[in-house]
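Single-structure report; data block below.
Please read all numbers here as calculations on a predicted model, not as lab measurements. Heavy-atom basis, side chains included; hydrogens, waters and symmetry copies ignored.
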Amino acid sequence: MLILLFAHVALMFAAVALTTGTLALLVIAHQARRLEVVGPAIASLPLARISPPLFVLGGLAGVATAWAFGYSLLSPWLVLAYVGFAAGVVFAVVVTSGRMERLARGDDVVAVGRGLRIDLAVNVALFALLIADMVFKPFG
């Protein structure tokens, strides 16, 4: 059971570090007025191929952990986690991936940089809510 919990936490930590850490680095570059120099190279990294499998494996390990610990997979706190996870996926696919593609091409770097700040804020808020949900298990 604990190995599943470790796998869940480690995989999710790695996925969040890759995605949110990259966004934070890009926002810092934007604030330092260096985004046009480093942004395209960072945005061209294969994160879009690495992070989704980490998130999927981390999510599956989370479901397996909940099941192994005897939680109902339809507990309200788990349903909230599923919704939060889905919201994060939709936001990443619809919003962030487009910005990263524009940045990789070097298109309108200033506007992309402003948008990345919003992406970072949304990511931080969403992950904070998901962590609080996992720790406090509301309605459960």
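The 12-atom threshold is not exceeded at CZ of R34, counting heavy atoms of other residues, nucleotides or ligands nearer than 6.0 Å. Within a 6.0 Å radius of CG in L73, other residues, nucleotides and ligands contribute more than 12 heavy atoms.
Residue L23 holds its CG atom at 12.0 Å from CD1 of I118, rounded to the nearest 0.5 Å. Between atom OG of residue S97 and atom CZ of residue R102 there is a gap of 11.5 Å, rounded to the nearest 0.5 Å. Residue M134 holds its CE atom at 6.0 Å from CG of L78, rounded to the nearest 0.5 Å. Taking CD1 of I28 as the start and CG of L116 as the end, the distance is 12.0 Å to the nearest 0.5 Å.
Between Y71 and W77, the ring planes lie perpendicular to each other; the angle is over 60°, past the 30° to 60° tilted range.
When all heavy atoms are compared, the tightest approach of Y82 to V63 is CE2-CG2, 4.2 Å. Between A43 and A104, the shortest heavy-atom contact is CB-N, 3.6 Å. The shortest non-hydrogen separation linking F55 to F127 is CZ-CZ, 4.0 Å. Taking both residues in full, the closest heavy atoms of L126 and G88 are given as CD2-CA, 3.3 Å, listed atom of the first, atom of the second, then distance. In plain terms, the two heavy atoms of D133 and P138 that are nearest each other are OD1-CD, 3.3 Å.
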> What's the verdict on side chain to side chain contact (heavy atoms under 4.5 Å, CB included) for L80 and F139, showing C-alpha distance, side-chain angles and the deciding distance?
Replying inline: CA-CA 10 Å; L80 282 172; F139 315 114; 3.9 Å; yes

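Cluster annotation: L47 and L54 are assigned to the same hydrophobic cluster (Ile/Leu/Val/Met/Phe/Trp/Tyr, side-chain heavy-atom contacts under 4.5 Å, transitive). L57 and F85 are members of different hydrophobic clusters when ILVMFWY side chains are connected at heavy-atom separations under 4.5 Å. Tracing side-chain contacts under 4.5 Å through hydrophobic residues (I, L, V, M, F, W, Y), one never reaches F91 starting from V16; they form parts of separate clusters. Linking ILVMFWY side-chain heavy atoms closer than 4.5 Å, directly or via other members, places V27 and V124 in a single hydrophobic cluster. Taken together through direct or relayed side-chain contacts under 4.5 Å among Ile, Leu, Val, Met, Phe, Trp and Tyr, F6 and F13 form parts of separate hydrophobic clusters.
Within the 4.5 Å cutoff, side-chain heavy atoms of L26 are placed close to those of L35. F69 is not listed as a side-chain neighbour of L4, based on a closest heavy-atom distance of 4.5 Å or more. Contact annotation: the side chain of M100 approaches that of T22 to within less than 4.5 Å [non-hydrogen atoms, C-beta and beyond].
Counting only distance, with no hydrogens or angles, the side chain of S72 and the backbone of L74 share a donor-acceptor pair below 3.5 Å.
Tested against D119 for a side chain to side chain contact (heavy atoms under 4.5 Å, CB included), the candidates T19, V112, V95 yield a single pass: V95.
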